[in-house]
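Report on the following structure.
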Amino acid sequence: MELKWLLCVTLLALGILGVQAHDMDEDNDADDVVDIEDDLDDGIEEVEESKSETSSPPPAPKVTYRPPVPTGEVYFAESFDKGTLDGWILSRAKKDDTDDEIAKYDGKWEVQDMKETKLPGDKGLVMVTRAKHHAISSKLSKPFVFDTKPLIIQYEVNFQNGIECGGAYVKLLSKTPELNLDQFHDKTPYTIMFGPDKCGEDYKLHFIFRHKNPKTGKYEEKHAKRPDADLKTYFTDKKTHLYTLVLNPDNSFEILVDQTVVNSGNLLNDMSPPVNPPREIEDPNDQKPEDWDERPKIPDPDAVKPDDWDEDAPAKIADENAVKPEGWLDDEPEYVADPDAEKPEDWDEDMDGEWEAPQIANPKCETAPGCGTWQRPMIDNPNYKGKWKPPMIDNVNYQGIWKPRKIPNPDFFEDLEPFKMTPFSAVGLELWSMTSDIFFDNFIICTERAVADDWASDGWGLKKAADGAAEPGVVGQMMAAAEERPWLWVVYILTVALPVFLVVLFCCSGKKQPSAAEYKKTDAPQPDVVDDEKEEEKDKGEKEEEEDEEDANEEKLGSDADLGSASQEEEEEEEEEDRKRASEEEETVNRSPRNRKPRKD
């Protein structure tokens, strides 16, 4: 048993030493990475040159990225694969009611490759800077009018550096005579706002549309209910995700992430505040009557305080049974002046007053049960009842909770087709973020689901396939994680290697029972074997006794049968002899002359 524990401790120590060695080598490895990569590149180039010189087969075909192409009618499609911002307009506006230093929309936008792209040539729009206002927009090929066809908006987002606080939502800018993309800002009218947003631990996926009140002509924002799905992964995994909004003429909507529905509902039932106001409202001029009784319970007016109820009795009293511990130092204070303390040299008694040494715990009290004046401990007073209050009884005059009466809502209207929103003619990104390098790609606005799916397959689908092919297996991921966090090696040892080792150790280290042949070779007495042999001999002896008894019984039965048959034969022989003897005597008598009859002449 001691050997087992020694091996376990040794294995654990080796794991810890391995982690420490890994940490010590990290710096040297970092310095050598560049040289090693250069050497590898040189080696690869040499091998490739030698192969091209010596081998004649044609080189393997190159897989190149192909920009997605719409397969149907679209109102807007942008893949940024041209490498420029042609068609996009940077805002030069300023935010109202904001300091001039931060009011400008001076955030930087660029078309770049993704940082860790697996598809060379696949470019996207990148919000490069952080902690600045960013605004950029582009015109649609033609305004979108909400009539009998669905609206589908779809685009990709990758939080390359994660996200602390900021959004990546898109705005569909309303078609108005005042629309000026050069002055696009936060107050520019929009029809729909859609996309991810996060601040702190609040992860959101916005779908907001501005609804026009048919009675007043004013616009009011309507927010879709929060999705039930957990959205955190989409903000933290640093992968490209596809966001899709499908809005149908029957007022139904779907929100999808990576082509999976995460939220759905109806514009009439699942927006806050509701599209249509209530038919009735509470009368703002109605007032509660003065005699209205809302008390369900009241003190019993007939209750009387008992005579023995003492309201002045304290809740705690001194324990009369307590005894002062022996050795209690009554004359010693709990704290004394620090004898080692010295007055600071810059202490000015005129300014700072008389200097006093700081107080420290009395060292004499450390070995004593206590110091200072001893006082009895306090305990609960068994006679304490507190202030008397009459018991509560049902209120016979209870009228319920008062509510103002209902009256017809003067602002009531009923819009049964909220899908028919304000037409929009441009798409824009107006964002503030504390994280840089947010990547946008493959915007499309269309009316056919198949067109959006084809666009997604040629763009996001290709990214997903490339990422999946490049991802290592489970073991590779574990090794990569351990390279970044060396302490994981200890976790792996404790959770995988150590349990397996212990199982093997305990299962295979038991005492081996020698075979019968080994007993014969060594003739060494073994306690367990001797006992087994005794039991076997005992069983064998009992079996032989039973067999002897059975043989004896069979012999006895056989002898009895032989005796019976022999006696029967003897009796038969005697009877046969008697018959013979009787017949002989009869013949003798017949032959005698006296017994002959005279012959008649």
Side-chain angles (χ1 to χ4, degrees), residues 96-97 146-147 151 167 169 171-176 178 186-194 197 199-200 202-228 245 247-255 263-303 389-424:
D96 297 334
D97 304 326
F146 294 86
D147 46 23
L151 166 66
Y169 43 81
K171 289 183 177 181
L172 306 182
L173 304 181
S174 302
K175 180 187 176 184
T176 62
E178 298 81 15
D186 59 326
K187 301 292 176 59
T188 300
Y190 68 88
T191 300
I192 290 176
M193 189 175 92
F194 168 66
D197 187 19
C199 200
D202 189 11
Y203 301 90
K204 298 179 181 178
L205 183 53
H206 291 298
F207 166 41
I208 305 170
F209 78 94
R210 295 172 71 245
H211 179 258
K212 184 177 181 181
N213 188 316
K215 296 190 71 171
T216 64
K218 295 182 178 180
Y219 284 89
E220 185 178 22
E221 290 183 351
K222 308 296 181 181
H223 296 249
K225 64 181 182 180
R226 293 180 69 96
D228 296 330
L245 171 65
L247 196 56
N248 297 307
D250 62 356
N251 300 320
S252 63
F253 68 86
E254 285 184 334
I255 298 174
N263 197 5
S264 62
N266 191 283
L267 299 178
L268 290 172
N269 305 321
D270 300 300
M271 308 301 290
S272 178
V275 170
N276 295 314
R279 291 180 178 271
E280 293 184 332
I281 60 171
E282 295 180 348
D283 186 356
N285 300 319
D286 193 12
Q287 295 182 353
K288 183 175 68 173
E290 295 181 357
D291 60 347
W292 190 277
D293 196 342
E294 292 183 331
R295 302 172 300 165
K297 297 281 186 180
I298 59 172
D300 186 358
D302 299 327
K389 294 180 181 180
M392 303 298 287
I393 60 172
D394 292 335
N395 182 6
V396 295
N397 298 319
Y398 174 64
Q399 295 176 273
I401 303 300
W402 182 84
K403 293 180 180 179
R405 65 175 175 267
K406 296 282 188 177
I407 61 172
N409 185 359
D411 298 325
F412 173 74
F413 64 84
E414 189 173 34
D415 181 3
L416 298 179
E417 295 180 318
F419 169 77
K420 294 185 176 180
M421 305 175 191
T422 304
F424 61 91

Using the side chain to side chain contact (heavy atoms under 4.5 Å, CB included) rule, take Tyr219 and Thr422 through it: C-alpha gap first, then chi angles, then the decisive distance, then the call. CA-CA 10 Å; Tyr219 284 89; Thr422 304; 3.1 Å; yes

Heavy-atom pair with the smallest gap, counting every atom of [X] and [Y]:
X	Y	answer
Pro404	Asp286	CA-OD2, 3.4 Å
Phe413	His211	CE1-CE1, 3.8 Å
Ile407	Pro284	CD1-CD, 4.1 Å

Are the side chain of [X] and the backbone of [Y] linked by a donor-acceptor contact shorter than 3.5 Å?
X	Y	value
Asn213	Thr216	yes
Lys222	Pro274	yes
Trp292	Gly400	yes
Ser174	Thr191	yes
Asn409	Pro278	yes
Asp415	Pro214	no
Gln399	Glu294	no
Arg210	Glu220	no
Asn251	Glu417	no

Are Leu172 and Leu151 close enough, and set up right, to give a side chain to side chain contact (heavy atoms under 4.5 Å, CB included), and what steps lead you there? CA-CA 11 Å; Leu172 306 182; Leu151 166 66; 4.2 Å; yes

Does CD in Gln287 sit with more than 12 non-hydrogen atoms of other residues, nucleotides or ligands closer than 6.0 Å? no

Other residues, nucleotides and ligands only: do more than 12 of their heavy atoms fall within 6.0 Å of CG on Asp202? yes

Ion pair Asp147/Lys420, N-O distance below 4.0 Å: no

Under 4.0 Å between a Lys/Arg side-chain N and an Asp/Glu carboxylate O for Lys204 and Asp197? no

Taking the side chain as everything from C-beta on, heavy atoms only, tell me whether [X] gets closer than 4.5 Å to [Y].
X	Y	answer
Leu267	Phe209	yes
Asp270	Ser264	no
Arg279	Glu414	yes
Lys389	Pro299	no
Tyr169	Ile192	no
Lys406	Glu282	yes

In Å and rounded to the nearest 0.5 Å, what is the [atom1] to [atom2] distance from [X] to [Y]?
X	Y	atom1	atom2	result
Lys187	Asp96	NZ	CG	5.5 Å
Ile255	Leu245	CD1	CG	6.0 Å
Asp291	Asn397	CG	CG	10.0 Å
Leu268	Asn276	CG	CG	6.0 Å

Ring centroid separation for Phe194 and Phe207, is it under 6.0 angstrom? no

Test Lys215 against Asp411 for salt bridge (charged side-chain N to carboxylate O under 4.0 Å, His left out), laying out the working first. CA-CA 7 Å; Lys215 296 190 71 171; Asp411 298 325; 5.5 Å; no

Begin with the C-alpha distance, continue with both residues' side-chain angles, and end with the deciding distance and a verdict on side chain to side chain contact (heavy atoms under 4.5 Å, CB included) for Leu205 and Asn263. CA-CA 9 Å; Leu205 183 53; Asn263 197 5; over 6 Å; no

Hey, can you tell me if Phe419 and Phe146 have their rings parallel, tilted or perpendicular (30° and 60° cut-offs)? perpendicular

Can a cation-pi geometry be assigned to Arg295 and Tyr398, taking NZ or CZ under 6.0 Å from the six-membered ring centre and within 45° of the ring axis? no

Working for side chain to side chain contact (heavy atoms under 4.5 Å, CB included), residues Leu173 and Phe424: CA-CA 5 Å; Leu173 304 181; Phe424 61 91; 5.7 Å; no

